[in-house]
Amino acid sequence: MNYFVLLISGFVIGLIAAVPVGPVNLLCVRRTFAHGSLYGFLSGLGAALADVVFAAIVGFGFTWLAQLIKSYFTPIEVIGAAMLLFFGARTFLAPPQLRLDEKLKAKEVVDGATLARAMLSTFLLAITNPGTLFAFTAMFAVVAGLVQGQATFFGAAMMVAGVAAGSTSWWFTLTTIAGLFHARIDERIMTLINRISGAVITVFGLVVFGHLIWRLM
């Protein structure tokens, strides 16, 4: 089995999972504009960690866990939709936060607890999207068919490592580029970003709720 191919395949899968514009992307960009690249990157890292968890469930064959998630698909989807609405409203109503006292601003960026909360919030937002698990299942199945090799623990580990690298690379690139504009964003632009991002994230939450209601009817 070509483990390098599995690593690269995992990297591509990680990119595919992270790149599409969604609520987490919007949230990370908005946080980067408001607080800088480190804050935004660690927020993205929370989503990358969720991708790694899903990839590990599929790659290492934790079928019992996948079935458990599938069994609780509806309540997990409700929690995910509620979190989207919460973050959407919070972002929409957030103050610009660009002319804070410099000492307070530095504390926001450096404080470990604040950064940990930023990572945890996006992890929870991403992990409550069980559809990602099924997407990973489909993508891993495609790779398994292409390599036509017998599954091994090390092969699965290479795939999961590739997913971690691909997803992390995307968040690093996105927040680094967004961070270049951090110093050029004034309060008026930041307010507009908050309103647009908050509205779009709220729409995502409403769409999830709508899909849930349609599925249960």
Side-chain angles (χ1 to χ4, degrees), residues 3-32 37-70 72-73 76-77 79-81 83-84 87 115-147 151 153-178 200-201 204-205 207-208:
Y3 293 115
F4 180 73
V5 171
L6 292 177
L7 181 66
I8 296 302
S9 298
F11 185 89
V12 173
I13 290 174
L15 285 177
I16 292 174
V19 168
V21 176
V24 177
N25 277 270
L26 291 173
L27 196 60
C28 290
V29 169
R30 181 259 167 189
R31 287 177 175 180
T32 302
S37 297
L38 178 60
Y39 195 99
F41 172 65
L42 288 178
S43 295
L45 210 55
L49 181 59
D51 287 341
V52 171
V53 170
F54 284 130
I57 291 173
V58 176
F60 294 115
F62 296 137
T63 54
W64 63 271
L65 187 54
Q67 289 299 321
L68 182 64
I69 292 173
K70 189 174 182 179
Y72 290 95
F73 187 94
I76 291 174
E77 195 173 22
I79 293 172
M83 290 184 64
L84 285 172
F87 281 114
L115 294 175
R117 285 195 298 271
M119 182 185 296
L120 178 62
S121 64
T122 48
F123 171 78
L124 293 175
L125 193 59
I127 205 70
T128 51
N129 179 15
T132 306
L133 175 64
F134 306 122
F136 273 109
T137 301
M139 289 188 286
F140 272 50
V142 169
V143 173
L146 291 175
V147 298
F153 182 88
F154 188 69
M158 294 297 284
M159 286 277 286
V160 173
V163 169
S167 186
T168 301
S169 297
W170 166 251
W171 295 116
F172 178 78
T173 302
L174 178 66
T175 54
T176 298
I177 293 174
V200 173
I201 293 171
F204 273 109
V207 168
V208 174

Quick check for you: to the nearest 0.5 Å, what is the distance between [X] atom [atom1] and [Y] atom [atom2]?
{"X": "I57", "Y": "T137", "atom1": "CD1", "atom2": "OG1", "answer": "9.0 Å"}
{"X": "F87", "Y": "I201", "atom1": "CZ", "atom2": "CD1", "answer": "8.5 Å"}
{"X": "S9", "Y": "M139", "atom1": "OG", "atom2": "CE", "answer": "11.5 Å"}

Side-chain donor/acceptor pairs under 3.5 Å, residues 18-27, sequence neighbours excluded:
{"unit_1": "N25", "atom_1": "OD1", "unit_2": "W170", "atom_2": "NE1", "d": "3.1"}
{"unit_1": "N25", "atom_1": "ND2", "unit_2": "A18", "atom_2": "O", "d": "3.2"}
{"unit_1": "N25", "atom_1": "ND2", "unit_2": "P20", "atom_2": "O", "d": "2.9"}

Tell me the closest heavy-atom pair linking [X] and [Y], and the distance in Å.
{"X": "T128", "Y": "G80", "answer": "OG1-CA, 3.4 Å"}
{"X": "A164", "Y": "V52", "answer": "CB-CG2, 3.5 Å"}
{"X": "V208", "Y": "A81", "answer": "CG1-CB, 3.6 Å"}
{"X": "S169", "Y": "F11", "answer": "OG-CE1, 3.6 Å"}
{"X": "T122", "Y": "C28", "answer": "CG2-SG, 4.4 Å"}

Is a side-chain donor or acceptor of [X] paired with a backbone partner of [Y] at a separation under 3.5 angstrom?
{"X": "T176", "Y": "T173", "value": "no"}
{"X": "S167", "Y": "V163", "value": "no"}
{"X": "T168", "Y": "A165", "value": "no"}

inquiry  = Could you work out, with side chain to side chain contact (heavy atoms under 4.5 Å, CB included) as the rule, every residue matching A17, not counting sequence neighbours?
reply    = D51, F136

key: Sequence-distant partners of A50, side chain to side chain contact (heavy atoms under 4.5 Å, CB included), two or more places apart   = F123, A126, I127

Close side-chain approach of V207 to F204, heavy-atom, < 4.5 Å = no

message = Side chains of I13 and M159, heavy atoms from C-beta outward: is any pair under 4.5 Å?
response = yes

message = Tell me every residue that passes side-chain hydrogen bond (donor to acceptor under 3.5 Å, both in side chains) with T132, counting only those two or more places apart in sequence or in another chain.
response = N129

ask   = Tell me, which pairs form a side chain to side chain donor-acceptor pair (under 3.5 Å) where one or both residues lie in residues 14-23, sequence neighbours left out?
value = none

Side-chain donor-acceptor contacts of residues 40-48 below 3.5 Å, not counting sequence neighbours, with atom names and distances?
{"unit_1": "S43", "atom_1": "OG", "unit_2": "R31", "atom_2": "NH1", "d": "3.0"}
{"unit_1": "S43", "atom_1": "OG", "unit_2": "Y39", "atom_2": "O", "d": "2.9"}

ask   = Should we say atom CZ of F134 is surrounded by more than 12 heavy atoms from elsewhere, each under 6.0 Å from it?
value = yes

